[in-house]
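All chains are named by letter (A, B, ...) in the order of the sequence lines, taking the proteins before the strands, and each is independently numbered beginning at 1. Note that this is a predicted model, so its numbers are computed, not measured.
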Number of protein chains: 2
Amino acid sequence: MEINQIIDTIYPLTTKAKNLLTESIIETKFPKGHILFRANKIETNIYFIKKGIARAYAFSDDNQITFWFGKEGDPIVSMQSHVNNQKGYEDVELLEDCELYELKTEKLQKLFLEDIQIANWGRKFSELELIKSEERLISLQFNTATQRYLALLKNYPSIIQRVQLSHIASYLGITQVSLSRIRANIK
Amino acid sequence: MEINQIIDTIYPLTTKAKNLLTESIIETKFPKGHILFRANKIETNIYFIKKGIARAYAFSDDNQITFWFGKEGDPIVSMQSHVNNQKGYEDVELLEDCELYELKTEKLQKLFLEDIQIANWGRKFSELELIKSEERLISLQFNTATQRYLALLKNYPSIIQRVQLSHIASYLGITQVSLSRIRANIK
DNA sequence: TCTCGTTTTTATCATTTGTTAAATGGTTTC
DNA sequence: GAAACCATTTAACAAATGATAAAAACGAGA
(Lines give C-alpha, C1' and ligand atoms only; values in the text may rest on other atoms or scores of the structure.)
Protein backbone atom coordinates (compact mmCIF):
# COMPACT_ATOMS: atom_id res chain seq x y z
CA MET A 1 0.00 0.00 0.00
CA GLU A 2 1.34 3.43 -0.97
CA ILE A 3 2.23 5.95 1.73
CA ASN A 4 -0.15 8.60 0.40
CA GLN A 5 -3.08 6.30 0.81
CA ILE A 6 -1.92 5.22 4.27
CA ILE A 7 -1.66 8.84 5.43
CA ASP A 8 -4.97 9.89 3.93
CA THR A 9 -6.85 6.96 5.41
CA ILE A 10 -5.83 8.11 8.88
CA TYR A 11 -6.64 11.80 8.45
CA PRO A 12 -6.65 13.80 5.21
CA LEU A 13 -4.03 16.57 5.10
CA THR A 14 -3.60 19.62 2.92
CA THR A 15 -0.84 19.40 0.33
CA LYS A 16 1.49 21.51 2.43
CA ALA A 17 1.16 19.42 5.58
CA LYS A 18 1.35 16.20 3.62
CA ASN A 19 4.56 17.31 1.98
CA LEU A 20 6.05 18.13 5.38
CA LEU A 21 5.21 14.62 6.51
CA THR A 22 6.21 12.68 3.39
CA GLU A 23 9.52 14.57 3.16
CA SER A 24 10.46 12.89 6.43
CA ILE A 25 9.59 9.40 5.26
CA ILE A 26 11.95 7.06 3.44
CA GLU A 27 11.44 3.64 1.92
CA THR A 28 13.39 0.64 3.15
CA LYS A 29 13.44 -3.15 2.80
CA PHE A 30 14.21 -6.03 5.14
CA PRO A 31 14.22 -9.79 4.58
CA LYS A 32 11.89 -12.31 6.17
CA GLY A 33 12.99 -13.12 9.70
CA HIS A 34 14.48 -9.69 10.38
CA ILE A 35 13.93 -8.43 13.91
CA LEU A 36 12.83 -4.83 13.42
CA PHE A 37 12.32 -3.89 17.08
CA ARG A 38 14.04 -5.34 20.12
CA ALA A 39 12.56 -5.61 23.60
CA ASN A 40 14.16 -3.43 26.29
CA LYS A 41 15.36 -0.92 23.73
CA ILE A 42 14.15 2.57 22.94
CA GLU A 43 13.07 2.48 19.28
CA THR A 44 13.76 5.65 17.33
CA ASN A 45 11.63 4.94 14.25
CA ILE A 46 8.06 4.18 13.40
CA TYR A 47 7.15 2.28 10.23
CA PHE A 48 4.26 1.67 7.88
CA ILE A 49 4.00 -1.58 5.95
CA LYS A 50 4.03 -1.11 2.18
CA LYS A 51 4.27 -4.83 1.53
CA GLY A 52 4.59 -7.82 3.85
CA ILE A 53 3.50 -8.97 7.27
CA ALA A 54 4.93 -8.71 10.78
CA ARG A 55 4.23 -9.77 14.34
CA ALA A 56 5.00 -8.37 17.78
CA TYR A 57 5.70 -10.74 20.63
CA ALA A 58 6.95 -10.69 24.18
CA PHE A 59 8.18 -13.40 26.49
CA SER A 60 6.21 -14.98 29.30
CA ASP A 61 8.66 -17.17 31.17
CA ASP A 62 10.34 -19.00 28.35
CA ASN A 63 7.79 -18.85 25.57
CA GLN A 64 7.03 -16.15 23.06
CA ILE A 65 3.50 -14.79 23.00
CA THR A 66 2.39 -12.98 19.85
CA PHE A 67 0.04 -10.11 20.64
CA TRP A 68 -0.08 -8.19 17.36
CA PHE A 69 -0.01 -8.81 13.60
CA GLY A 70 0.53 -6.10 11.01
CA LYS A 71 -0.13 -6.26 7.29
CA GLU A 72 -0.09 -3.89 4.33
CA GLY A 73 -1.12 -0.39 5.44
CA ASP A 74 -0.62 -1.03 9.16
CA PRO A 75 1.75 0.98 11.36
CA ILE A 76 4.58 -0.62 13.33
CA VAL A 77 5.15 1.35 16.51
CA SER A 78 6.60 0.64 19.91
CA MET A 79 4.13 2.74 21.87
CA GLN A 80 6.38 2.94 24.94
CA SER A 81 9.15 4.41 22.81
CA HIS A 82 6.88 6.63 20.74
CA VAL A 83 4.89 8.09 23.64
CA ASN A 84 7.16 7.99 26.66
CA ASN A 85 10.60 7.62 25.11
CA GLN A 86 10.97 4.50 27.22
CA LYS A 87 12.02 0.93 26.52
CA GLY A 88 9.40 -1.31 24.97
CA TYR A 89 8.67 -4.86 26.04
CA GLU A 90 8.20 -6.33 22.56
CA ASP A 91 10.18 -7.72 19.68
CA VAL A 92 8.81 -7.12 16.18
CA GLU A 93 9.69 -9.80 13.64
CA LEU A 94 9.05 -9.64 9.90
CA LEU A 95 7.26 -12.78 8.74
CA GLU A 96 7.82 -12.11 5.03
CA ASP A 97 10.27 -10.04 3.00
CA CYS A 98 8.98 -6.53 3.72
CA GLU A 99 8.93 -3.13 2.11
CA LEU A 100 8.49 -0.45 4.76
CA TYR A 101 8.10 3.29 5.08
CA GLU A 102 10.33 4.66 7.82
CA LEU A 103 9.84 7.83 9.88
CA LYS A 104 12.02 9.05 12.73
CA THR A 105 10.09 9.44 15.99
CA GLU A 106 12.08 12.56 16.84
CA LYS A 107 11.24 14.17 13.51
CA LEU A 108 7.56 13.35 13.92
CA GLN A 109 7.48 14.79 17.45
CA LYS A 110 8.93 17.99 16.05
CA LEU A 111 6.29 18.17 13.33
CA PHE A 112 3.57 17.68 15.97
CA LEU A 113 4.70 20.91 17.63
CA GLU A 114 5.07 22.88 14.41
CA ASP A 115 2.01 22.00 12.35
CA ILE A 116 -1.51 21.78 13.73
CA GLN A 117 -2.64 19.54 10.88
CA ILE A 118 0.06 17.02 11.59
CA ALA A 119 -0.74 17.24 15.31
CA ASN A 120 -4.33 16.31 14.49
CA TRP A 121 -3.15 13.58 12.16
CA GLY A 122 -1.13 12.17 15.07
CA ARG A 123 -4.15 12.48 17.34
CA LYS A 124 -6.31 10.58 14.86
CA PHE A 125 -3.62 7.96 14.45
CA SER A 126 -3.66 7.18 18.19
CA GLU A 127 -7.44 7.35 18.36
CA LEU A 128 -7.77 4.76 15.62
CA GLU A 129 -5.17 2.51 17.23
CA LEU A 130 -7.01 2.89 20.52
CA ILE A 131 -10.27 1.74 18.99
CA LYS A 132 -8.52 -1.29 17.50
CA SER A 133 -6.97 -2.09 20.86
CA GLU A 134 -10.32 -1.79 22.66
CA GLU A 135 -11.97 -4.09 20.13
CA ARG A 136 -9.23 -6.64 20.59
CA LEU A 137 -9.54 -6.39 24.38
CA ILE A 138 -13.27 -6.93 24.29
CA SER A 139 -12.93 -9.85 21.89
CA LEU A 140 -10.49 -11.46 24.32
CA GLN A 141 -12.66 -10.78 27.36
CA PHE A 142 -16.07 -11.59 25.89
CA ASN A 143 -15.56 -14.43 23.46
CA THR A 144 -14.45 -18.03 23.67
CA ALA A 145 -11.29 -19.17 21.92
CA THR A 146 -13.40 -20.74 19.17
CA GLN A 147 -15.29 -17.50 18.59
CA ARG A 148 -12.05 -15.52 18.51
CA TYR A 149 -10.56 -17.90 15.95
CA LEU A 150 -13.62 -17.66 13.71
CA ALA A 151 -13.62 -13.87 14.02
CA LEU A 152 -9.97 -13.70 13.04
CA LEU A 153 -10.64 -15.87 9.99
CA LYS A 154 -13.53 -13.63 9.02
CA ASN A 155 -11.62 -10.35 9.46
CA TYR A 156 -8.44 -11.58 7.87
CA PRO A 157 -8.97 -14.83 5.92
CA SER A 158 -5.55 -14.98 4.31
CA ILE A 159 -3.72 -14.90 7.65
CA ILE A 160 -3.91 -18.70 7.73
CA GLN A 161 -1.84 -18.82 4.56
CA ARG A 162 0.67 -16.21 5.72
CA VAL A 163 1.28 -16.95 9.42
CA GLN A 164 2.06 -20.22 11.13
CA LEU A 165 -0.51 -21.60 13.52
CA SER A 166 1.70 -21.47 16.59
CA HIS A 167 1.75 -17.66 16.30
CA ILE A 168 -1.98 -17.50 15.71
CA ALA A 169 -2.61 -19.71 18.74
CA SER A 170 -0.65 -17.45 21.07
CA TYR A 171 -2.35 -14.39 19.54
CA LEU A 172 -5.68 -16.01 20.46
CA GLY A 173 -4.44 -16.60 24.00
CA ILE A 174 -4.34 -20.41 23.76
CA THR A 175 -1.76 -23.12 23.10
CA GLN A 176 -1.09 -24.52 19.67
CA VAL A 177 -2.49 -27.89 20.76
CA SER A 178 -5.71 -26.21 21.79
CA LEU A 179 -6.01 -24.37 18.48
CA SER A 180 -5.49 -27.64 16.66
CA ARG A 181 -8.40 -29.18 18.57
CA ILE A 182 -10.61 -26.18 17.78
CA ARG A 183 -9.79 -26.48 14.09
CA ALA A 184 -10.60 -30.19 14.17
CA ASN A 185 -13.98 -29.54 15.80
CA ILE A 186 -15.02 -26.84 13.32
CA LYS A 187 -14.71 -28.96 10.17
CA MET B 1 -9.09 15.38 41.70
CA GLU B 2 -9.16 18.95 40.38
CA ILE B 3 -9.50 19.59 36.65
CA ASN B 4 -6.26 21.59 36.44
CA GLN B 5 -4.27 18.68 37.72
CA ILE B 6 -6.08 16.25 35.43
CA ILE B 7 -5.32 18.38 32.38
CA ASP B 8 -1.70 18.98 33.31
CA THR B 9 -1.00 15.32 34.01
CA ILE B 10 -1.99 14.51 30.44
CA TYR B 11 0.00 17.27 28.75
CA PRO B 12 0.99 20.66 30.18
CA LEU B 13 -0.60 23.62 28.42
CA THR B 14 0.21 27.31 28.36
CA THR B 15 -2.19 29.50 30.32
CA LYS B 16 -3.93 30.65 27.15
CA ALA B 17 -4.62 27.15 25.86
CA LYS B 18 -5.62 25.92 29.28
CA ASN B 19 -8.12 28.73 29.63
CA LEU B 20 -9.62 27.86 26.25
CA LEU B 21 -10.06 24.31 27.45
CA THR B 22 -11.31 24.97 30.99
CA GLU B 23 -13.80 27.57 29.75
CA SER B 24 -15.56 24.72 27.98
CA ILE B 25 -15.72 22.49 31.02
CA ILE B 26 -18.49 22.52 33.60
CA GLU B 27 -18.92 20.66 36.86
CA THR B 28 -21.84 18.32 37.41
CA LYS B 29 -23.05 15.68 39.86
CA PHE B 30 -24.91 12.40 39.56
CA PRO B 31 -26.05 9.89 42.19
CA LYS B 32 -24.83 6.35 42.60
CA GLY B 33 -26.51 4.05 40.08
CA HIS B 34 -26.90 6.73 37.41
CA ILE B 35 -26.37 5.45 33.87
CA LEU B 36 -24.14 8.11 32.30
CA PHE B 37 -23.74 6.53 28.85
CA ARG B 38 -26.16 4.25 27.06
CA ALA B 39 -25.22 1.57 24.55
CA ASN B 40 -26.31 2.16 20.95
CA LYS B 41 -26.39 5.88 21.46
CA ILE B 42 -24.05 8.60 20.20
CA GLU B 43 -22.67 10.30 23.31
CA THR B 44 -22.11 14.04 23.00
CA ASN B 45 -20.01 14.59 26.11
CA ILE B 46 -16.79 13.38 27.61
CA TYR B 47 -16.19 13.48 31.36
CA PHE B 48 -13.41 13.45 33.91
CA ILE B 49 -13.99 12.04 37.38
CA LYS B 50 -13.47 14.56 40.15
CA LYS B 51 -14.79 12.23 42.81
CA GLY B 52 -16.29 8.74 42.62
CA ILE B 53 -16.00 5.55 40.64
CA ALA B 54 -17.64 4.18 37.50
CA ARG B 55 -17.69 1.11 35.29
CA ALA B 56 -18.34 0.42 31.62
CA TYR B 57 -20.05 -2.79 30.61
CA ALA B 58 -21.58 -4.40 27.58
CA PHE B 59 -23.86 -7.37 27.14
CA SER B 60 -22.79 -10.80 25.99
CA ASP B 61 -25.99 -12.78 25.48
CA ASP B 62 -27.85 -11.98 28.66
CA ASN B 63 -25.12 -11.06 31.08
CA GLN B 64 -23.29 -7.83 31.63
CA ILE B 65 -19.51 -7.90 31.27
CA THR B 66 -17.57 -5.08 32.90
CA PHE B 67 -14.52 -4.13 30.84
CA TRP B 68 -13.44 -0.83 32.40
CA PHE B 69 -13.30 0.89 35.80
CA GLY B 70 -12.69 4.60 36.26
CA LYS B 71 -11.71 6.42 39.43
CA GLU B 72 -10.67 9.93 40.45
CA GLY B 73 -8.73 11.59 37.63
CA ASP B 74 -9.82 9.13 34.95
CA PRO B 75 -11.64 10.12 31.77
CA ILE B 76 -15.02 8.69 30.79
CA VAL B 77 -15.28 8.52 27.02
CA SER B 78 -17.23 6.49 24.52
CA MET B 79 -14.44 6.15 21.98
CA GLN B 80 -16.82 5.24 19.15
CA SER B 81 -18.74 8.46 19.76
CA HIS B 82 -15.68 10.61 20.37
CA VAL B 83 -13.64 9.40 17.38
CA ASN B 84 -16.14 8.29 14.75
CA ASN B 85 -19.32 10.01 15.86
CA GLN B 86 -20.89 6.56 15.94
CA LYS B 87 -22.95 4.62 18.45
CA GLY B 88 -21.03 3.00 21.26
CA TYR B 89 -21.57 -0.53 22.53
CA GLU B 90 -21.23 0.23 26.25
CA ASP B 91 -23.21 1.47 29.19
CA VAL B 92 -21.37 3.50 31.81
CA GLU B 93 -22.77 3.22 35.33
CA LEU B 94 -21.72 5.31 38.32
CA LEU B 95 -20.91 3.03 41.26
CA GLU B 96 -20.82 5.86 43.82
CA ASP B 97 -22.25 9.37 44.02
CA CYS B 98 -20.01 11.18 41.52
CA GLU B 99 -18.72 14.67 40.88
CA LEU B 100 -17.75 15.00 37.23
CA TYR B 101 -16.23 17.51 34.84
CA GLU B 102 -18.18 17.67 31.61
CA LEU B 103 -16.95 18.70 28.17
CA LYS B 104 -18.91 18.69 24.92
CA THR B 105 -17.31 16.49 22.25
CA GLU B 106 -18.29 18.96 19.57
CA LYS B 107 -16.62 21.83 21.42
CA LEU B 108 -13.47 19.81 21.93
CA GLN B 109 -13.31 18.82 18.25
CA LYS B 110 -13.52 22.49 17.38
CA LEU B 111 -10.68 23.36 19.76
CA PHE B 112 -8.54 20.62 18.20
CA LEU B 113 -8.76 22.43 14.87
CA GLU B 114 -8.14 25.91 16.31
CA ASP B 115 -5.32 25.45 18.81
CA ILE B 116 -2.22 23.36 18.20
CA GLN B 117 -1.57 22.96 21.91
CA ILE B 118 -4.99 21.52 22.50
CA ALA B 119 -4.55 19.30 19.44
CA ASN B 120 -1.39 17.93 21.02
CA TRP B 121 -3.12 17.59 24.35
CA GLY B 122 -5.76 15.48 22.60
CA ARG B 123 -3.06 13.46 20.91
CA LYS B 124 -1.37 12.77 24.22
CA PHE B 125 -4.70 11.89 25.78
CA SER B 126 -5.30 9.14 23.22
CA GLU B 127 -1.70 7.96 23.37
CA LEU B 128 -1.92 7.49 27.14
CA GLU B 129 -5.25 5.69 26.85
CA LEU B 130 -3.74 3.49 24.15
CA ILE B 131 -0.87 2.48 26.41
CA LYS B 132 -3.32 1.61 29.18
CA SER B 133 -5.39 -0.45 26.75
CA GLU B 134 -2.31 -2.31 25.48
CA GLU B 135 -1.22 -3.10 29.03
CA ARG B 136 -4.65 -4.42 29.85
CA LEU B 137 -4.70 -6.51 26.67
CA ILE B 138 -1.34 -8.06 27.44
CA SER B 139 -2.34 -8.76 31.03
CA LEU B 140 -5.41 -10.60 29.73
CA GLN B 141 -3.47 -12.53 27.11
CA PHE B 142 -0.36 -13.37 29.12
CA ASN B 143 -1.51 -13.96 32.67
CA THR B 144 -3.72 -16.44 34.46
CA ALA B 145 -6.89 -15.30 36.21
CA THR B 146 -5.11 -15.58 39.56
CA GLN B 147 -2.22 -13.41 38.36
CA ARG B 148 -4.64 -10.83 36.95
CA TYR B 149 -6.53 -10.69 40.24
CA LEU B 150 -3.34 -10.21 42.23
CA ALA B 151 -2.15 -7.53 39.80
CA LEU B 152 -5.44 -5.66 40.13
CA LEU B 153 -5.19 -5.76 43.92
CA LYS B 154 -1.65 -4.42 43.71
CA ASN B 155 -2.43 -1.60 41.27
CA TYR B 156 -5.65 -0.59 42.95
CA PRO B 157 -5.99 -2.08 46.45
CA SER B 158 -9.09 -0.16 47.47
CA ILE B 159 -11.12 -1.44 44.52
CA ILE B 160 -12.17 -4.41 46.66
CA GLN B 161 -13.83 -2.00 49.08
CA ARG B 162 -15.46 0.08 46.38
CA VAL B 163 -16.67 -2.40 43.77
CA GLN B 164 -18.63 -5.60 44.17
CA LEU B 165 -16.90 -8.85 43.31
CA SER B 166 -19.27 -9.80 40.50
CA HIS B 167 -18.07 -6.76 38.53
CA ILE B 168 -14.45 -7.49 39.31
CA ALA B 169 -14.89 -11.11 38.20
CA SER B 170 -16.25 -10.12 34.80
CA TYR B 171 -13.51 -7.48 34.46
CA LEU B 172 -10.99 -10.28 34.99
CA GLY B 173 -12.73 -12.36 32.33
CA ILE B 174 -13.98 -15.07 34.70
CA THR B 175 -17.21 -15.92 36.53
CA GLN B 176 -17.92 -14.81 40.05
CA VAL B 177 -17.78 -18.42 41.22
CA SER B 178 -14.33 -18.76 39.75
CA LEU B 179 -13.13 -15.57 41.44
CA SER B 180 -14.48 -16.84 44.73
CA ARG B 181 -12.43 -20.02 44.33
CA ILE B 182 -9.31 -18.02 43.50
CA ARG B 183 -9.78 -15.86 46.59
CA ALA B 184 -10.22 -18.97 48.73
CA ASN B 185 -6.99 -20.49 47.36
CA ILE B 186 -4.90 -17.37 47.94
CA LYS B 187 -5.51 -17.07 51.65
C1' DT C 1 12.81 -38.74 -4.96
C1' DC C 2 14.71 -39.10 -0.46
C1' DT C 3 15.98 -37.14 3.79
C1' DC C 4 15.95 -33.96 7.41
C1' DG C 5 13.88 -30.53 10.00
C1' DT C 6 9.86 -28.08 11.07
C1' DT C 7 4.95 -27.58 11.64
C1' DT C 8 0.64 -29.52 12.77
C1' DT C 9 -2.29 -33.02 14.58
C1' DT C 10 -3.61 -36.58 17.77
C1' DA C 11 -3.72 -38.88 22.26
C1' DT C 12 -3.69 -39.00 27.29
C1' DC C 13 -4.07 -37.16 31.65
C1' DA C 14 -4.06 -33.09 34.93
C1' DT C 15 -5.77 -28.58 35.91
C1' DT C 16 -8.67 -24.73 35.41
C1' DT C 17 -12.89 -22.72 34.57
C1' DG C 18 -17.99 -22.89 33.64
C1' DT C 19 -22.72 -24.11 35.15
C1' DT C 20 -26.17 -24.81 38.34
C1' DA C 21 -27.90 -24.92 42.80
C1' DA C 22 -27.78 -24.47 47.59
C1' DA C 23 -25.86 -22.45 51.81
C1' DT C 24 -23.95 -18.57 54.26
C1' DG C 25 -23.45 -13.80 55.49
C1' DG C 26 -24.73 -8.98 55.61
C1' DT C 27 -27.86 -5.10 55.12
C1' DT C 28 -32.08 -2.74 54.94
C1' DT C 29 -36.81 -2.10 56.05
C1' DC C 30 -40.75 -2.48 58.54
C1' DG D 1 -35.81 -8.47 65.91
C1' DA D 2 -37.82 -10.80 61.92
C1' DA D 3 -38.33 -10.86 57.08
C1' DA D 4 -36.76 -9.89 52.66
C1' DC D 5 -33.20 -8.93 49.66
C1' DC D 6 -28.65 -9.01 47.80
C1' DA D 7 -23.72 -10.45 47.68
C1' DT D 8 -20.58 -14.03 48.39
C1' DT D 9 -19.07 -18.66 49.15
C1' DT D 10 -19.24 -23.60 48.72
C1' DA D 11 -20.34 -27.97 46.43
C1' DA D 12 -20.74 -31.18 42.55
C1' DC D 13 -20.35 -32.20 38.02
C1' DA D 14 -19.38 -30.90 33.01
C1' DA D 15 -16.62 -28.70 29.59
C1' DA D 16 -12.55 -26.38 28.01
C1' DT D 17 -7.79 -25.81 28.11
C1' DG D 18 -2.88 -26.94 29.51
C1' DA D 19 1.19 -30.07 29.47
C1' DT D 20 3.71 -33.62 27.57
C1' DA D 21 4.81 -36.93 24.21
C1' DA D 22 4.33 -39.24 19.99
C1' DA D 23 2.62 -39.55 15.25
C1' DA D 24 1.59 -37.53 10.93
C1' DA D 25 1.97 -34.03 7.41
C1' DC D 26 4.53 -30.70 5.07
C1' DG D 27 8.57 -28.31 2.79
C1' DA D 28 13.21 -27.23 1.60
C1' DG D 29 17.47 -28.96 -0.14
C1' DA D 30 20.62 -32.45 -1.69
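For the contact set between residues 166-186 of chain A and DNA chain D, defined by any heavy atom under 4.0 Å, the members are G173(A), I174(A), T175(A), V177(A), S178(A), R181(A). Within residues 139-163 of chain B, no residue has a heavy atom under 4.0 Å from DNA chain D.
Over its length, the helix from dT1(C)-dA30(D) to dC30(C)-dG1(D) turns its helix axis by 40°, as judged from the five terminal pairs at each end, rounded to 10°.
Under the side chain to side chain donor-acceptor pair (under 3.5 Å) criterion, the residue pairs touching residues 26-42 of chain B are E27(B)-K50(B), with sequence neighbours excluded. Within the structure, no pair that satisfies the ring-ring contact (aromatic ring centres under 6.0 Å, His included) test touches residues 124-148 of chain B, not counting sequence neighbours.
Ring orientation note: the planes of H82(A) and F112(A) are nearly perpendicular, at an angle over 60° on the 30°/60° scale. Between Y47(A) and F37(A), the ring-plane angle classifies as tilted under the 30° and 60° cut-offs.
Ionic pairing of D91(B) and R55(B) is not present here: no N-O contact between side-chain nitrogen and carboxylate oxygen is shorter than 4.0 angstrom. Residues D97(A) and K51(A) are not paired through a salt bridge, judged by the lack of any N-O separation under 4.0 Å between the basic side chain and the carboxylate. A salt bridge links E127(B) with R123(B): at least one charged nitrogen is closer than 4.0 Å to a carboxylate oxygen. Salt-bridge formation is not detected for the pair K104(A)/E23(A): no Lys NZ or Arg NE/NH1/NH2 atom is positioned less than 4.0 Å from an Asp or Glu carboxylate oxygen.
Atom NZ of K132(B) has more than 12 heavy atoms from other residues, nucleotides or ligands within 6.0 Å.
Nearest heavy-atom pair, L172(B) versus L179(B), reported as atom, atom and distance to 0.1 Å: CD1-CD1, 4.0 Å.
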Pairs under 3.5 angstrom, nitrogen or oxygen only, protein versus nucleotides 23-27 of chain D, please.
none

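Applying the side chain to side chain contact (heavy atoms under 4.5 Å, CB included) rule to T14(B) yields the partners K16(B), A17(B), Q117(B); only residues at least two apart in sequence or on another chain are considered. Remark: L153(B) engages Y149(B), I160(B) in a side chain to side chain contact (heavy atoms under 4.5 Å, CB included) (not counting sequence neighbours). Applying the side chain to side chain contact (heavy atoms under 4.5 Å, CB included) test to A145(B) and every residue at least two apart in sequence or in another chain returns R148(B), I174(B), I182(B). In this structure F69(A) satisfies the ring pair (Phe, Tyr, Trp, His ring centres under 6.0 Å) test together with Y171(A), sequence neighbours excluded. Under the side chain to side chain contact (heavy atoms under 4.5 Å, CB included) criterion, F59(B) pairs with Y57(B), Q64(B), sequence neighbours left out.
Taking every nucleotide of DNA chain C with any atom under 4.0 Å from a non-hydrogen atom of chain A, the first and last of them, 5' to 3', are dT7(C) to dT12(C).
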